[in-house]
Q: 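My questions all concern the structure below.
All residue numbers refer to positions in the sequence shown, counting from 1. These values consider heavy atoms only, across backbone and side chains, with no hydrogens, waters or symmetry-generated copies.
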Amino acid sequence: MDKCTLLRFKGYSHTASLFNTDYLNEIPQIELSSTTQSFDHDSVAFKNQRLGKLVEEFVFHQLKHDKSVDWILENIQIQEEQRTIGELDAIYGANGNSFHLEIVYKFYLYDTLKSYSNPLSYWIGPNRKDTLDYKLDKLKTKQFPLLFNKVTQKHLISQNINTANMQQKLCFKAQLFIPYNNSEINIEPLNSKCISGFYVSFNAISTFKKLEFYSPKKLDWLIIPHNNVDWIAYDSAILLIKEHISSKRSPMVWLKYSDTEIKKCFITWW
């Protein structure tokens, strides 16, 4: 495993589950190790260049190295008359039981532009196109019910997989970002360990004009900030950030306060 991939893997593995275990009672969450020491890094290659799919590869990798896991099938496409009706992220066997697992990794910001009746509705994607509400509804109404679809059942039976007593599990990790200088937000029922940084509107970016910046590419959003990157000054950073803002994209940056204090931050277009 190359150094960059290892840093991404460490960032993923240290990301907490979004929900405290007692919240989603109907969908038990899987507990995966946060250590990377047991893996032979030199022999592992992760090739996916989409963040969500890369995280899936990381989860599969951990399952394959779990001594209690007997087997695993990955990304099972369910097709009806040559039309894909859905995909099961993984099915695996462990300790004589079988499990259907769905995997989610998200970046959510706490919305202050609107008011909502449901506390979960405040969490949105950096570009305001993704919401936690939408993802939970999709999990509950589409992704988990897919297992019980007649077409799915027929497909799995053809592979000698019995779904009669199959259990369903969820791996939902997330990094949460709260408004700059607003630490009083109550994020319940979400896990406070998921708070990874803050966000600020591009209109207020001058707040950080004395700091150095680093703009990670999207796969590197997973990484825990460190000092060994090419830092740039505010004047150079703002030119790069403007390119994103003009396209209504909210980039992530690292802000260097000192050699030992580095913060993750989204600069929002809104």
Q: Would a line drawn from the ring center of His100 to the ring center of Tyr92 be shorter than 6.0 Å?
A: no
Q: Please report the shortest heavy-atom distance between Phe19 and Leu190, naming the atom on each side.
A: CE2-CD2, 3.5 Å
Q: Are Gln175 and Lys264 close enough that a side-chain donor and a side-chain acceptor fall under 3.5 Å?
A: yes
Q: Please report the closest heavy-atom contact between Leu63 and Val69, naming both atoms and the distance.
A: O-CB, 3.3 Å
Q: Between Asp111 and Arg128, is there a side-chain N and carboxylate O pair less than 4.0 Å apart?
A: yes
Q: Is there a path from Met252 to Tyr105 through hydrophobic residues (I, L, V, M, F, W, Y) whose side chains come within less than 4.5 Å of each other?
A: yes
Q: Checking side-chain polar atoms at under 3.5 Å, does Ser98 have a donor or acceptor matched by the opposite partner on Gln167?
A: no
Q: Distance only, no hydrogens: is a donor on one side chain within 3.5 Å (strictly under) of an acceptor on the other, for Gln159 and His155?
A: yes
Q: Check whether any side-chain heavy atom of Ile30 sits under 4.5 Å from a side-chain heavy atom of Leu170, and report yes or no.
A: no
Q: Aromatic rings Phe58 and Phe46: how do their planes relate, parallel, tilted or perpendicular, breaks at 30° and 60°?
A: perpendicular
Q: Looking at every heavy atom in both Asn127 and Ser250, which two are closest together, and how far apart are they?
A: OD1-N, 2.7 Å
Q: Can you find a side-chain donor-acceptor pair between Thr131 and Asp133 that sits under 3.5 Å?
A: no
Q: According to a 4.5 Å side-chain heavy-atom criterion applied to Ile, Leu, Val, Met, Phe, Trp and Tyr, with indirect links allowed, do Phe60 and Ile91 form part of one hydrophobic cluster?
A: no
Q: Any Lys/Arg nitrogen of Asp130 or Lys135 sitting under 4.0 Å from an Asp/Glu carboxylate oxygen of the other?
A: no
Q: Just wondering, more than 12 heavy atoms not from Asp230 lying within 6.0 Å of its CG?
A: no
Q: Could you tell me if the side chain of Ile223 sits less than 4.5 Å from the side chain of Pro216, heavy atoms only?
A: no
Q: Look at the rings of Tyr122 and Tyr116 and say which category their plane angle falls in: under 30° parallel, 30 to 60° tilted, over 60° perpendicular.
A: perpendicular
Q: Could you tell me whether Arg50 and Glu56 make a salt bridge, using a distance below 4.0 angstrom between a side-chain N and a carboxylate O?
A: no
Q: Count I, L, V, M, F, W, Y as connected when their side-chain heavy atoms are under 4.5 Å apart, and connections chain through other members. Are Leu147 and Ile72 then in the same cluster?
A: no
Q: So, taking the atom named CH2 in Trp123 and the one named SG in Cys194, what distance separates them when rounded to the nearest 0.5 Å?
A: 9.5 Å
Q: Count the heavy atoms of every other residue, nucleotide or ligand shown that sit under 6.0 Å from OH of Tyr257, and state whether that count exceeds 12.
A: yes
Q: Going by the angle between their ring planes, with limits at 30° and 60°, are Phe208 and Tyr180 parallel, tilted or perpendicular?
A: perpendicular
Q: Please report the interatomic distance CZ(Phe144) to CG(Leu139), rounded to the nearest 0.5 Å.
A: 5.5 Å
Q: Where does the angle between the aromatic ring planes of Phe266 and Phe177 fall among parallel (under 30°), tilted (30 to 60°) and perpendicular (over 60°)?
A: perpendicular
Q: Within 45 degrees of the axis of the six-membered ring of Tyr214 and under 6.0 Å from its centre: does Lys256 put its NZ or CZ there?
A: no
Q: What about Ile85 and Leu156, same hydrophobic cluster or not, with Ile/Leu/Val/Met/Phe/Trp/Tyr joined at side-chain heavy-atom distances under 4.5 Å?
A: yes
Q: Would you indicate whether the side-chain heavy atoms of Trp269 and Ser201 approach each other to under 4.5 Å?
A: no
Q: Rounded to the nearest 0.5 Å, how far apart are NZ of Lys193 and CG of Leu176?
A: 13.5 Å
Q: Less than 4.0 angstrom from a charged side-chain N to a carboxylate O is my criterion; do Glu87 and Lys53 meet it?
A: yes
Q: CD/Glu31 to CG/Asp66 distance, rounded to the nearest 0.5 angstrom?
A: 12.0 Å
Q: Any side-chain heavy atom of Leu32 sitting closer than 4.5 Å to one from Ser13?
A: no
Q: Which value, rounded to the nearest 0.5 Å, describes the distance between Leu255 atom CG and Cys265 atom SG?
A: 5.0 Å
Q: Under 6.0 Å between ring centres, would you say that holds for Tyr110 and Tyr108?
A: no
Q: Do Ile161 and Leu73 come within less than 4.5 Å of each other through their side chains, counting heavy atoms only?
A: yes
Q: In Å, rounded to the nearest 0.5 Å, how long is the span from CD of Gln143 to CG of Asp137?
A: 10.5 Å
Q: Against Tyr12, only a single residue in Leu7, Val59, Leu51, Leu54 fulfils side-chain contact (heavy atoms from CB on, under 4.5 Å); can you say which?
A: Val59
Q: Are Val55 and Ile76 in one and the same hydrophobic cluster, where Ile, Leu, Val, Met, Phe, Trp and Tyr link if side-chain heavy atoms are under 4.5 Å apart?
A: no
Q: Give the minimum heavy-atom separation between Trp254 and Asp220, together with the two atoms involved.
A: CZ2-O, 4.3 Å
Q: Could you tell me whether the side chain of Lys242 reaches within less than 4.5 Å of the side chain of Phe202, counting heavy atoms only?
A: yes
Q: Give me each pair satisfying salt bridge (Lys or Arg N to Asp or Glu O under 4.0 Å) with a member in residues 158-172, each pair once, sequence neighbours excluded.
A: none
